Amino acid sequence: MDSYKTDCTRIDRLFMNHMDGLITAAEHDEVRSHIAECAQCSEDFEVYETIRLTLSAKEHVCSAPEGFEESVMQKISQLPRSAGPVVNAAYLLIGMLIISIGGLGTVFFEDIAGALRRIDAFPISLPALEALFENIAIYLSSFIAAMGDISVSLFEMLAQAQLVLLLIFVLLITLQFFVYKYDKA
Amino acid sequence: MKNLHTLSDYEIIRLCIDEDQNAFSEIVSRYKNLVYSIVLKMMGNTEDANDMAQEIFIKAYTNLARYSPEYKFSTWIIRIATNHVIDYRRKKRGETVPIEECEAELGFVQSSEQTPEMQLVKREESQTIRDLLSDLPDIYKIPIVLYHQQGLSYQEISDIIQEPLSKVKNRIFRGRRMLKDSLTRIGRGGSYGFL
């Protein structure tokens, strides 16, 4: 009896191999001789065959409805566009530049004469650049003076926050770089 | 102007990411029937399947940068499809309905060698099996649909559902046995003549 059950269990495994198309000729003969004698396995085999043939019928390949592709592409064209990491990094750099000008403004406002001296004393002489810095310094200084106390406190605040903001910008750019690399991987 | 038909899936994906989002239409064209068929078998009705399949392509598009050429694109998008349908059903907690539309759409394939009675019996058999397949839990139904109806290998299914190969095999074997037991029960009740 035990031997009979073992045979049926083995035959059931061979049915699975048959459904996978992995049965050998010898195993096929073994199944055939077993189901000739075992009514239960014979019935099981018939049911498995019905399942296999029904499930693998060609009718299971369906065509997507008419206009499917166009509909998908239209929805995609309406998606909000991502600026992308390079553009975002550019925005961050512009932000940093604005903050830096705020910091420079404070320096020039507090000690315009000293700032101009430092520009003159810079070891590498670039007359055009020096002239540009001097003009910026003079312009910022006169602008801040014209704005009065409000601009003073604003520029001081910007100067103090500058380092923190710079650090945040650097972290964001680094983070974005790694996220982008991870996405590409 | 590049001829998209000659490009590989991955080349088209790079094109979509770097230059031209319209190149994605070639990907949709290549895989729309595959995705639609799988979703239809899981959802059970054409209207839901159409909406769902479109959502799956949009999801794939927005995640294109995450695609790794280590896997075939079909494997990747089927994974998105199956997860999307499972998530939808979890949210909806709806029951599956019988799968009829695919056959209805394409027309039932009739053999000229079968009598009308035999064709009717065959048709009933097919319908019963599809109903029983629809009623199987997703963990058995998905591997069976992918293996038997879409012709994917065990390895591809393992990549899609992200389970070990042994688990995939066990689920397919168990799913087949569940179908067989259900069919046998129906057959013993005398409803169908094929047993």
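Only heavy atoms go into these numbers, but all of them, side chains included; no hydrogens, no water, no symmetry mates. Please read all numbers here as calculations on a predicted model, not as lab measurements.
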Out of A/Glu69, A/Lys75, A/Glu70, return the one with the most heavy atom pairs under 4.5 angstrom to chain B.
A/Glu69

Do A/His34 and A/Arg10 meet the criterion of a side-chain donor-acceptor pair at a distance under 3.5 Å?
no

Any luck finding a side-chain donor-acceptor pair between B/Tyr67 and B/Asp9 under 3.5 Å?
no

Check each atom of [X] against the heavy atoms of chain A and say whether the ones under 4.5 Å are side chain, backbone, both or neither.
X	answer
B/Ile172	neither
B/Tyr61	side chain
B/Asn22	both

Determine, using ring centers only, whether A/His18 and A/Phe45 are less than 6.0 Å apart.
yes

B/Arg176, B/Glu70, B/Lys32: which one forms the most heavy-atom pairs within less than 4.5 Å of chain A?
B/Arg176

Using the six-membered ring wherever Trp is involved, compare the ring planes of B/Phe57 and A/Phe68 and label them parallel, tilted or perpendicular (cut-offs 30° and 60°).
perpendicular

Closest approach of A/Glu43 to B/Thr184 (non-hydrogen atoms, all atoms of both residues):
OE2-CG2, 3.1 Å

Using non-hydrogen atoms and a 4.5 Å limit, figure out which bit of A/Met16 sits close to chain B: side chain, backbone, both or neither.
both

